[in-house]
Amino acid sequence: MTQTFIGNASYLNNGNDIIVVLGHGQLARMMYLGATQLGLNIIAVDADKRVCVNAVDKTVLDITIEQAFSACKAITSEFEHLPKDLVKQAQDSGKFKPNAAAIAAGADRIVEKALLEKLSIPNCTHQIINSVNDLKNAYDNLGPKLILKTSRDGYDGYGQWRIFSAQDLTTVCNDLADFDFEFMPLVAEQCILFEREISLLGVTDANGQHKYYPLTENHHADGQLVLSLAPAPDLTPELQQRAEAIHQAIADELDYCGLLAIELFQTGEQLLVNEIAPRVHNSGHWTQQGCAASQFENHIRAVAGLPLGDTSAQHLVAMVNYVGEPKPSTDIMKLANTHLHWYDKSVRPKRKMGHINLVADNNQALQKLIGQVHDLLPESLAKNLAEIKE
Ligand code: ADP
Ligand code: MG
């Protein structure tokens, strides 16, 4: 079924109000929510089918990508793993924000590592793997614990092998006997025994001015985000400042505009960059309830050339991901200061279905709320939450 865009063909003439988002998942949907309150409209693009869709209900719109690109004020993306020709088409329009180079750095771990090395930003010790022999060599150099990652298309822990013993190495080498390394080089990283994972979300406006949200503490299970706590517990101004300096170096090098997320491993005072995401990020969903302007609203403001909104935290927030399970019982909605965000997708294992933002003004109240939500979660999610040590 196709839908004529807002039922009015002349609508496209008002292109100053339109932002095109490459991708049509929950991030595009939440960008729509951030944009609509500013009186801006979003056209999402299904990058596989190459059609324009409504960002909320995903109905196909009766306009071509070319029409949308030519009518809109700006083009942005919700995802870095996009077809190269679509990124080029967006870049060639002169309206793409951030830009093709930033997307490439987020999409390809080899490009990303080269960027970090060029800027002398500490990151995980690693080797590029172009053969099974390279992997054996990397195990000798970086082992005994490695994380092997595909250079492209990895997210939520997909496209990774954990090699924690000589036995694991043999198994993975056998699995990779017929692997096409030329098509998909791999990256072997030393497995880091960090104290915690944190992320910094910063937003750069059209004039290159940056604003930063407070650092967020992130907890994963199986490579996928389970819980974010913001601002990160025990956050010091020095830590925030050091993360901001890393962020600024990357954003400036990429001539960035919009929201850029940086995932970091913290050990004591040391920060290592794990990866960068040239887009809004799961670890920033807390900003919907925690800040005057959410990451979605600020990303849209940036790419639309508008002034940025305040990024300071007004509350403590815990963000709980709702993964691979159907919509929770309405009991969760009865809890005060608990905000359910549901993406309206069909259920699949490991699929992000929604998230819950829990809001409090002190840590004790926040922990109590996490406990109450925990007790209402399906077992698979409750288990992951319970395993997180305070
Ligand atoms: P994705 O693109 O899937 O998010 P990441 O590189 O961020 O891939 O890996 C997912 C998670 O796996 C990280 O958040 C972290 O918990 C763990 N991880 C990744 N790389 C390393 C590493 N070198 N050492 C230890 N843990 C790692
Ligand atoms: Mg990651």
Side-chain angles (χ1 to χ4, degrees), residues 3-47 51-79 82 86 89-91 93-99 102-103 201-211 213 256-261 278-281 284-285 287-311 341 343-344:
Q3 182 187 58
T4 302
F5 189 54
I6 320 289
N8 178 359
S10 68
Y11 187 84
L12 273 181
N13 297 334
N14 196 8
N16 276 345
D17 287 344
I18 298 172
I19 311 289
V20 175
V21 178
L22 305 183
H24 68 304
Q26 68 267 17
L27 300 179
R29 181 179 162 115
M30 289 187 278
M31 276 190 238
Y32 165 84
L33 296 174
T36 193
Q37 72 194 63
L38 300 173
L40 300 169
N41 286 286
I42 297 287
I43 294 175
V45 171
D46 179 332
V51 288
C52 294
V53 300
N54 178 303
V56 177
D57 67 14
K58 325 288 175 186
T59 34
V60 177
L61 304 177
D62 194 14
I63 53 169
T64 63
I65 292 177
E66 289 69 27
Q67 285 173 315
F69 278 12
S70 97
C72 70
K73 184 176 182 65
I75 304 166
T76 189
S77 90
E78 65 149 16
F79 199 45
L82 290 163
L86 185 60
Q89 193 185 348
Q91 182 73 17
S93 75
K95 299 178 181 179
F96 191 37
K97 296 188 172 117
N99 54 51
I103 297 296
L201 278 76
V203 58
T204 307
D205 72 12
N207 302 315
Q209 298 299 306
H210 311 285
K211 274 188 183 241
Y213 291 97
Y256 207 84
C257 176
L259 193 121
L260 171 70
R279 54 171 166 80
V280 290
H281 193 255
H285 291 359
T287 60
Q288 290 170 310
Q289 263 69 47
C291 302
S294 74
Q295 62 163 348
F296 303 103
E297 179 178 338
N298 259 336
H299 180 71
I300 293 299
R301 286 185 186 224
V303 303
L306 298 169
L308 299 179
D310 187 14
T311 50
H341 297 258
Y343 313 148
D344 220 10

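Values below: every heavy atom of this structure, side chains too, minus hydrogens, waters and symmetry copies. In this text, all values refer to a predicted model and were calculated from it rather than measured experimentally.
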Spacing of [atom1] belonging to [X] relative to [atom2] belonging to [Y], to within rounding of 0.5 Å:
X: Ile75; Y: Ser93; atom1: CD1; atom2: OG; answer: 3.5 Å
X: Tyr32; Y: Asp57; atom1: OH; atom2: CG; answer: 9.5 Å
X: Leu201; Y: Asn298; atom1: CG; atom2: CG; answer: 10.5 Å
X: Glu297; Y: Leu38; atom1: CD; atom2: CG; answer: 4.5 Å
X: Ile18; Y: Ile63; atom1: CD1; atom2: CD1; answer: 6.5 Å
X: Lys73; Y: Asp17; atom1: NZ; atom2: CG; answer: 8.5 Å

Less than 4.5 Å apart, any side-chain heavy atom of [X] and any of [Y]?
X: Leu260; Y: Pro98; value: no
X: Phe96; Y: Leu22; value: yes
X: Asn54; Y: Leu61; value: yes
X: Tyr343; Y: Met30; value: yes
X: Ser77; Y: Ile103; value: yes
X: Cys52; Y: Ile65; value: yes
X: Asp344; Y: Arg29; value: yes

Where do [X] and [Y] come nearest, in terms of heavy atoms and distance?
X: Ile300; Y: Ala35; value: CG2-CB, 3.9 Å
X: Ile19; Y: Ala304; value: CD1-CB, 4.0 Å
X: Thr311; Y: Cys291; value: O-SG, 3.9 Å
X: Gly309; Y: Ala293; value: CA-CB, 3.7 Å
X: Gly305; Y: Ala206; value: CA-CB, 4.1 Å
X: Lys58; Y: Ala55; value: NZ-O, 3.5 Å

May I ask you to decide if the ring planes of Phe296 and His285 are parallel, tilted or perpendicular, using 30° and 60° as cut-offs?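 Tilted: the ring planes of Phe296 and His285 meet at 30° to 60°.
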
Does atom CZ of Phe69 have more than 12 heavy-atom neighbours from other groups under 6.0 Å away?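 Check passes, neighbour count above 12.
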
Partners passing salt bridge (charged side-chain N to carboxylate O under 4.0 Å, His left out) against Glu78 (at least two apart in sequence or in another chain): none

Determine whether Gln91 and Asn99 satisfy the following criterion, side-chain contact (heavy atoms from CB on, under 4.5 Å), listing intermediate values before the conclusion. CA-CA 6 Å; Gln91 182 73 17; Asn99 54 51; 3.7 Å; yes

Exactly one of His299, Lys97, Arg279, Lys95 clears side chain to side chain donor-acceptor pair (under 3.5 Å) with Thr76, and that residue is His299

Please confirm whether the backbone N or O of Gln295 pairs with a side-chain atom of Tyr213, one donor and one acceptor, at under 3.5 Å?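 Such a contact is found between Tyr213 side chain and Gln295 backbone.
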
